[in-house]
Amino acid sequence: MKYKTLKGLQDILPPDILIWQHIETISRDIFKIYGYQEIRLPILESTDIFIRSIGETSDIVEKEMYTFQDKGGRSITLRPEGTASFVRAYVEHHLYNNAVPQKYYYMGPMFRYERPQAYRYRQFYQIGAEAMGIEDPKLDAELISMLARILNGAGLENLNFEITSIGCKHCRPAYKNALKNFLQSKLNGFCGDCQRRFEINPLRILDCKVPDCIASRHGSPPVIDYLCEECKGHFDGLKHYLKMLRVPHTINPNLVRGLDYYTKTAFEVTSESLGSQKAVAAGGRYDGLVNEFGGPPAPGIGFAIGMERIVPLIKDSLKKSEYPDLFICPIGPEESEEALILAEQLRENGLWIEINYDKSSLKSQMRKAGRLGARNVIVLGEDELKKREVVVKDMMSGTEVKTSIDIQELIKAIKA
RNA sequence: GUGAGUGUAGCUCAGCCGGUUAGAGCAUCUGACUGUGGCUCAGAGGGUCGGGGGUUCGAAUCCCCUCACUCACCCCA
């Protein structure tokens, strides 16, 4: 085969697309009742937008971005995530001047140059939400509740909601130091990756799955003990409100985010039904990012759902296609033209009509109608045109009803 | 970037201790039934056996290289 999709990219075809549409519809419905409005952002951005927000030493920036030069010599990057572009737009259009909270959602493709794997693609789709301008943890709780509502509404079950607080620019450095002090002496007991992490991002050691590392880090100081007054209060508030709203969740102090801009609240939703890439959605608060982009010190919080990771968790029963209301079998060339006209007239009334285009035996036309799953069939022959009468055959029951060739009469017979 | 596994028809796969023209099921198309589908039966189309090289009288089968896909590490939605 000569041409195929690039590595890590995929075509999404029927009937799978029906599940995608289902998820999108549910999401839009729920965003609406929470007051989130859609925004559409460019897929390309200036490279420094991502470096600035995601962090220079993050894996995404270091080795996963699709970056190239445009014809003007500018460095351009296909967005690896949505929040950076969103914040750029938020500042660029002064959206912070709108009444708070400002709430937006988006759906679209993201790109990361990674080795493809189950549920991990180089072009992948996210549904994201961002809520701006409110610091109160009630908003955090509400956002997480909305996320739960979307995922449950889409038909997902057995999800784990994990939350934590990773502190802010005031308390995180102290924690990082405490953690490094604790790990320093035991460094030899850790895997090579963790030894590297010790320098780059020691928090990530908490997330390592190597048994020796889990043992070696046992007894390490939890982030939560190092939160400053403000962060602690915020986290306590979040826990309280989540409980109040009955959003099932667990506290996971080892939860680590790969992006630099997160502050305070961080959360992740996982499913045990997936492979090793089991995070179906994740998000957190980013109170410093807008300011970083040249806007006012506006707080923000958001999440992103990974489409490819929730699609396989949704029942195949939703893949049931719809079927044509009527298939028209013309017998000769004259009838064939008549069928073309009749089909258009019926479509005016919102019916899905299929006709047979080439000349083939009635047998073969019927077979085609059956294969398409057409609800009804009519045969157009010399007799029918002469008498202006057709027989509408119900393909499920096999029953036949004689009807005059009149649009309203036909519709009545088809819908019966 | 690292490791392992898999590449034969549109799909799922058999064939792989080398041996004529490479098979099955499903799917597609046609006919039996000149104007009525599904069931049944008969038939047809569809293959560079991932690609290249080597061993051999002879390679889908054995060896080497390569490419692609898959899963896992890493990382993350």
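Treat the numbers as computed from the prediction; the structure is a model and nothing was measured. Heavy atoms only: backbone and side chains are in, while hydrogens, waters and symmetry mates are out.
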For the [atom1] atoms, the ones on [N] and on [M], what distance do you get once it is rounded to whole angstrom?
N     : M     : atom1 : result
B/C63 : B/A22 : P     : 23 Å
B/G37 : B/U30 : C1'   : 15 Å
B/A4  : B/C57 : P     : 35 Å
B/A42 : B/G47 : P     : 24 Å
B/U55 : B/U61 : C1'   : 13 Å

remark   = Per-nucleotide protein contact along nucleotides 70-77 of chain B, 5' to 3', at a 4.0 Å heavy-atom cut-off (B base, S sugar-phosphate only, - neither), is -SBBBBBB
Watson-Crick or G-U counterpart of B/A72, or none if no pair lies under 3.5 Å =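 With both distances under 3.5 Å, B/A72 matches B/U2.
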message = Enumerate the side chain to side chain donor-acceptor pair (under 3.5 Å) contacts for residues 330-355 of chain A, please, sequence neighbours excluded, ordered by first and then second residue.
response =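 Every side chain to side chain donor-acceptor pair (under 3.5 Å) pair that includes a residue of residues 330-355 of chain A, provided the two are not neighbours, is A/E344-A/R347, A/W352-A/E354.
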message = Tell me which pairs pass side chain to side chain donor-acceptor pair (under 3.5 Å) where either residue lies in residues 398-416 of chain A, with sequence neighbours left out.
response =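 Sorted result for residues 398-416 of chain A: A/S397-A/T399.
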task = Indicate yes or no for a side-chain donor-acceptor contact from A/K393 to the backbone of A/I378 under 3.5 Å, with no hydrogens or angles considered.
result = no
query = Could you give all pairs that pass the ring pair (Phe, Tyr, Trp, His ring centres under 6.0 Å) test and reach residues 159-211 of chain A, with sequence neighbours left out?
reply = A/Y175-A/Y226
Residues from residues 24-44 of chain A lying under 4.0 Å of RNA chain B - heavy atoms =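 Heavy-atom contacts with RNA chain B come from no residue of residues 24-44 of chain A; none.
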Can you tabulate the close N/O pairs, meaning under 3.5 Å, that link protein atoms to atoms of nucleotides 25-28 of chain B?
{"unit_1": "B/U28", "atom_1": "O3'", "unit_2": "A/R371", "atom_2": "NH1", "d": "3.3"}

Polar atom pairs (N or O), protein with nucleotides 30-33 of chain B, under 3.5 Å:
{"unit_1": "B/U30", "atom_1": "OP1", "unit_2": "A/S364", "atom_2": "OG", "d": "3.2"}
{"unit_1": "B/C33", "atom_1": "O2", "unit_2": "A/K363", "atom_2": "NZ", "d": "2.6"}

ask   = Under the salt bridge (Lys or Arg N to Asp or Glu O under 4.0 Å) rule, what pairs show up with a residue in residues 268-279 of chain A, not counting sequence neighbours?
value =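 Listed once each, the pairs are A/R257-A/E268, A/E272-A/K278.
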message = So, under a plain 3.5 Å distance rule, would you say the side chain of A/E335 forms a donor-acceptor pair with the base of B/G35?
response = no
task = List for me each residue that meets salt bridge (charged side-chain N to carboxylate O under 4.0 Å, His left out) alongside A/R28, sequence neighbours excluded, and say none if there are none.
result =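 By the salt bridge (charged side-chain N to carboxylate O under 4.0 Å, His left out) rule, A/R28 matches A/E38.
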message = Suppose we screen for salt bridge (charged side-chain N to carboxylate O under 4.0 Å, His left out). Which residues come up paired with A/R79, at least two apart in sequence or across chains?
response = none
inquiry  = Tell me whether the rings of A/Y66 and A/Y113 are parallel (<30°), tilted (30 to 60°) or perpendicular (>60°).
reply    = perpendicular
Residues which pass side chain to side chain contact (heavy atoms under 4.5 Å, CB included) with A/E24, listed by chain and number, not counting sequence neighbours = A/W20, A/M107, A/M307
Could you list the protein-to-nucleotides 49-52 of chain B atom pairs, N/O on both sides, closer than 3.5 Å?
none

